Structure formats: C-alpha cells, structure tokens
Amino acid sequence: MEIIYVYTRKRSEFGRPCSFSDRPAEVNVDIPPDPSMASSFILRNPVDSHVQHTSDMSEHEVNTERAEVESRGVNHVEGGWPKDINPQEVEQTIRFRKKVEKDENYVNTIVHLGTLMEHCVKQNNAINIYEEYFEEEEMVEVEDEPPSAKTVNVISKLTSFFDVLLSKRDPNVTERTATHLSWHPDTCKKLAVAYSSLEFQQNMKNMSFDSYIWDLENPNKPELVLRPSSPLVSLEYNPKDSHVLVGGCYNGQMAYWDTRKGGLPVEVSAVEVSHRDPVYGAIWLQSKTGTECFSASTDGQVLWWDIRKLSEPTEMLVLDITRKGLLENALGAVTLEFEPTMPTKFMVGTEQGIVIACNRKAKTPPEKITSTYSGHHGPVYALARNPFYPKIFMTVGDWTARIWSEEIKESSIMWTKYHLSYLTDGCWSTVRPAVFFTTRSDGTLDVWDFLFKQNDPSLSLKVCDEPLSSLRLQDNGCVVSCGSKLGTVTLLEISSGLCTLQRNEKMLATAMFERETKREKILEARHREMRLKERARLEGQESEVEERPVESPQEVLDRARKEFFEVIEAELQRQARAETQR
Amino acid sequence: AEVEETLKRIQAHRGVVATIVVNAEGIPIRTTLDNSTTVQYAGLLHQLTMKARSTVRDIDPQNDLTFLRIRSKKHEIMVAPDKEYLLIVIQNPCE
C-alpha cells in the first residue's frame with residue numbers, strides 16, 4: 001500500500017503572493033472528566049510483569065582472504081662442509097674423508113653400530129614382520145561399513161579468479177551453470193567443464209563465454225581457459241588423443257581445441273550448416289582416424305562431423321519418428337549415447353520423452369530409426385548404457401530414472417519411485433553392474449544399488465543448495481564430479497563398499513535383469529492378448545446387430561436407388577400439397 | 001680395517017641396496033651410492049633422526065633413541081644413530 005500525498009493547485013493561481021493571516025486559538029474538543037466512570041475502575045491484582053536480564057551478545061564472523069598457494073621447488077646444494085674445504089674439489093673432500101676415517105672414535109662407533117645394524121638386517125631377511133595372515137577372511141568384514149561419500153574438492157570457479165583481475169567482486173558476474181563435465185581419458189587428474197547459461201534468452205552482456213580445464217591439484221586457477229565464440233553447452237575429451245577436445249556451442253556450432261595450441265579453437269564449424277539450437281550432445285566416435293564425432297541438438301538433427309573438415313557435416317539424420325524425414329515433425333534431442341563396442345548403433349533421448357534407437361549403417365534414412373521407447377513425461381536428460389550389459393540402458397527424466405531392456409519396447413523394466421524434484425542427470429557405475437548415480441534439482445546426489453534396495457537410494461547426499469546440473473564418474477569408479485547451476489563443481493569420493501565388485505554381484509545382477517525382462521515380456525504378451533480379445537468382442541457385437549440377410553451388391557444398388565426416389569417423391573408431394581393449401 | 005670389514009659384511013647381506021655413513025654435520029663419509037642421492041639421504045635422514053631422538057627424549061628424558069626403521073612400499077631404510085655419526089642402510093626386505 002502506498003501512501004501518496006497529492007497537492008493540487010490551479011494553474012491560474014501560480015505565482016500569486018501568499019497571504020498568511022493570524023487566527024486566535026480555537027478549542028476543538030473539550031471532554032470534561034466524568035466522576036461516575038471512576039467507580040467502574042477496577043484495580044488490577046495480581047499484575048504480570050516480565051523481567052529479563054541477559055548479557056549482551058553480538059555475532060561476529062571472521063573469514064580470511066582466500067590464500068593462493070603455488071608449488072615451487074627448492075634446489076639443495078651440498079652443505080655442512082667445514083669452511084676450508086670446497087665441496088666441489090674432489091681432492092679436498094677425499095682428504096677430509098680419509099682424515100675422519102682415521103679417527104679412533106669413528107672406528108669404535110662404526111663397529112658398534114655395525115653389529116646393531118646387522119642384527120636388524122638379518123631380522124628382515126629372516127621374517128617379514130608385516131606379513132598379512134588370513135587375508136581371505138578379512139574380506140568378509142568389510143561389508144559392515146555403511147556406504148558414505150566424502151567431498152574431496154570443490155572447484156568454485158570465478159570467485160578467486162576474478163579477484164585477481166578486478167579489485168572488487170564485480171556484481172555483474174553472472175553465475176553460469178556447469179552444463180557438462182568430461183574427465184581426461186588417461187590421467188583422471190584433469191576435468192574439462194563447459195559453462196553456459198541455459199536460461200532461455202538470458203544473455204547478459206558481461207557473461208563470459210569461457211570454459212575451463214581444471215587440474216585437480218590446483219582448484220584455484222584453471223589450467224587452461226577455452227575461449228569459444230559462444231558459450232559451450234557440451235564438451236568432450238577425445239578418448240584416443242587426450243589433447244583434443246570437441247565442444248558444442250550454445251548457438252549450434254561445433255568447435256574443437258588442441259590443448260597444446262592454447263585456448264582458442266583450432267577450427268569452428270560454419271554457421272550455415274550447423275545446428276540451429278544449442279548442441280546438447282557431442283560424442284566422439286570410434287574410428288581409425290580418431291577424428292570423427294557426432295552431435296545432436298533440440299532442432300531435431302543429428303550431424304556427423306570429421307574434425308579435420310568442420311565446414312560441413314559428413315552425414316545428417318532428422319529425428320522424425322514418422323520416418324518421413326521432415327524437419328517439422330522432428331523431435332528435439334537432449335542427450336546422445338554411444339557405446340564404442342557397438343559402433344553402428346546409437347541412441348538419442350528427446351525433449352518429448354521418447355528414446356530413439358538408431359542404426360547408422362541403414363540404407364535409407366527412414367530405416368535409420370530402428371525403434372522408439374517412450375515412457376517419460378518430460379525431456380530425457382540422461383541416457384546411458386550399462387557398461388556390463390549393453391542391452392540394458394538407463395534413462396533419467398522428469399521425476400524418475402528408468403531402466404530399459406532393448407528388447408522390450410513398450411515400457412521400462414525397472415524404475416525408481418517418483419521424487420519430489422526433477423532428476424537432472426545420471427550415469428552407471430563403471431565397476432559395479434547394479435549401481436548408478438543420479439542428481440536432482442534440489443542439490444542431492446543419489447547412489448542407487450539395485451541389488452540391495454530398489455525403493456530408495458542406498459546413499460543420498462546433499463551436495464549443495466542449488467540444483468545439480470551434470471554428473472560424471474571417473475573411470476576408476478571411485479570419484480564422481482557434479483556440476484551445479486551456479487557453476488560450482490564438487491568432487492566426491494565414494495566409500496569402497498560402493499565401488500568394489502562384490503563376490504556374486506555379476507551373477508545376481510544378470511539374474512535380476514533377466515527376471516525383470518521376462519516379467520515385462522509376460523505383461524506385454526498378456527496386454528496384447530487382452531487387446532485382441534477386446535477387438536474380437538467388439539466385432540462380435542457388430543455382427544449381431546447386422547441381422548439382415550447378406551445381399552449381393554446389385555441388390556444393394558437397387559435398394560439404394562429405390563429409397564432415393566422414394567425420398568424425392570415424398571418431397572415433391574409435400575411441396576405440391578403445400579402449394580394447393582395456399 | 002675393521003671398519004672396512006664391518007661395512008663390507010653389511011653390504012653383502014641379502015637385499016641390502018646401499019650403505020651410508022654420515023657425520024654429525026651431515027657430510028657423507030662412506031657411501032656406496034652416487035653423490036647426489038647420498039647427499040639427499042644424508043640431509044633428510046639426519047633431520048629426521050634428530051627429530052625422532054628429541055621426541056623420545058621429550059616423552060622420557062631418561063630414554064634415548066637406539067634405532068630407527070622406516071618401512072616404505074619399495075624398501076626399508078634403517079638408521080643407527082650415535083652422538084657423532086649415523087649409519088644408514090637401505091634394504092629390500094625379501095617377500
């Protein structure tokens with residue numbers, strides 16, 4: 001509610017001199033005391049009154065400035081020599097040494113120490129004091145420890161980086177989402193993170209387009225800054241050549257970098273032939289040259305590129321499930337999946353909640369789309385094949401994560417419960433076949449172990465307060481990195497119970513997946529049977545209504561003609577009657 | 001002569017990689033390794049032995065350090081300290 005004062009004055013009255021006048025005091029209200037009311041006055045007894053005395057406390061917060069540490073080496077030079085001896089001179093040092101050796105004290109000491117030392121050396125040779133006895137039995141006890149995860153490192157980009165460039169924190173520095181993470185293929189000590197703002201049409205002027213490669217030893221300063229012409233939405237290391245990265249931009253272009261050549265892209269694809277929407281998925285292909293990759297975007301296209309010639313794509317596929325290849329009907333792709341062991345097949349997760357499995361080597365474009373799986377209510381944000389069972393894959397979208405088998409196209413074979421917040425990303429564990437990770441938009445990371453418990457995640461960790469946008473597991477299966485909406489990347493190390501293969505796990509996981517697949521097949525078969533029965537019953541009802549004798553077509557024609565003329569005649573008669581009446 | 005014999009005997013044991021004799025100032029007197037490695041071992045182990053000895057004596061002033069053994073993944077470093085000298089032996093424990 002606003003309190004407004006309004007002053008009005010007639011324009012003709014502007015500029016007139018003010019005339020003030022005096023007025024004697026006026027009594028406006030006079031209320032004399034009324035003694036009759038005094039009798040109804042009640043004295044309050046007892047009276048409640050609060051008294052409190054505490055010492056005054058004030059709250060203070062102290063935090064130091066972030067200290068930047070840099071590792072440097074120090075070179076030691078020989079020292080300790082007496083002043084008159086130059087350590088570089090070999091003769092002088094030899095002379096010194098000989099002098100010391102002649103000392104009697106030296107001889108005694110050495111003999112004494114020698115006996116002591118020999119005793120220990122012989123001890124070492126005799127028995128290994130650190131030998132592990134009963135090694136196999138120890139393994140059983142390890143299971144008692146509850147699953148846990150520990151934060152190893154938090155890379156919060158830009159807070160200290162910009163402090164170096166600007167003296168004060170620039171309030172315009174917009175927080176960008178860490179949209180995609182990619183681990184370095186060999187060393188696993190480097191992480192490439194793509195930053196972009198995925199809010200629709202929120203291009204701040206001061207937003208920088210850079211994406212960074214971080215070295216885990218130094219979370220304060222990125223190891224390399226990648227400068228594309230438009231923010232990167234996805235970024236991947238080449239698994240064959242660890243110096244090359246490909247990135248998909250927000251404006252639909254593809255760019256590739258060579259880390260040896262610096263931060264500017266080596267080549268960028270031409271705007272006319274690239275995607276028209278942000279490139280949400282970019283993956284390297286398995287090829288002899290190691291330079292092929294493909295990309296997918298919400299404009300409905302999947303394009304194949306050769307890095308050496310980014311001026312035009314080598315192949316194109318339109319994601320139209322009616323198989324006509326029309327761009328208008330195409331579904332927007334949000335994620336892409338490719339398994340190096342099956343080089344001709346790949347899968348695309350779309351905005352409409354459908355997963356499309358495609359075969360690259362089909363002869364005609366309509367045949368490229370082999371099958372579709374629909375089951376999500378919203379965009380499929382993540383799609384991953386199980387590294388142990390290639391026929392089983394997992395999708396993450398809307399409020400659930402679902403596990404599918406390639407053979408069953410009607411529905412998923414297993415799914416998690418509906419959560420309260422959106423699921424944003426997911427991936428399988430590389431060491432245990434039934435474990436997978438999901439991130440949620442309330443900042444939680446869930447670790448699911450489907451062999452142990454299917455209703456709830458085995459471990460649910462609140463990583464941060466803002467939504468988590470991307471997730472990537474390191475190849476060894478122990479360290480997982482998650483990126484958040486405000487650009488913070490957190491690295492977590494999960495407890496060994498969740499990343500070591502248990503004894504019968506592979507067998508149990510195979511049995512579980514087969515059991516669920518069979519259940520779905522049976523359900524599918526029953527549904528089909530029921531549908532057929534329904535159809536048959538409906539047809540049966542229709543044939544009951546039609547009890548007229550079966551007529552030949554000629555008879556039908558005659559009957560139709562007769563009826564037609566009858567109607568015309570009736571109409572004519574009616575008109576004639578109407579005329580005669582007038 | 002006795003010194004030679006003792007050191008040779010130690011060196012001849014199974015698994016022994018190197019033997020170093022260091023004086024109180026950290027100068028290597030006798031060594032079977034090359035100079036730079038010896039200097040590194042001498043400097044570092046000297047400091048460590050001093051620290052270990054002071055630790056033992058802090059806990060109980062009547063006590064003193066007699067022997068120091070450092071077992072690492074690759075080998076075992078044994079240090080026999082004295083007031084003036086330090087005898088260091090690096091051995092690969094047989095397993």
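Since this is a predicted model, take the numbers as computed values, not measurements. Chain naming here is simple, since letters A, B, ... match the order of the sequence lines and numbering starts at 1 in each.
- In summary, the side chains of B/Arg69 and A/Gln123 do present a donor paired with an acceptor at a separation below 3.5 Å, with no hydrogens or angles considered.
- Contacts classified as ring-ring contact (aromatic ring centres under 6.0 Å, His included) and involving residues 28-83 of chain B (residues at least two apart or in different chains) are not found.
- Neither the backbone nor the side chain of B/Thr19 comes within less than 4.5 Å of any heavy atom of chain A.
- Considering only residues two or more places apart in sequence or on other chains, B/Thr37 meets the side-chain hydrogen bond (donor to acceptor under 3.5 Å, both in side chains) condition with B/Asp34.
- If you tally non-hydrogen atom pairs under 4.5 Å between each of B/Arg30, B/Glu2, B/Glu84 and chain A, the highest count goes to B/Arg30.
- Inter-residue side-chain proximity for A/Val479 and A/Leu492 is flagged as unmet; no heavy-atom pair is nearer than 4.5 Å.
- Using a 4.5 Å cut-off between heavy atoms, B/Val21 touches chain A through its side chain atoms alone.
- Interface residue A/Lys122: only side-chain heavy atoms are found under 4.5 Å from chain B.
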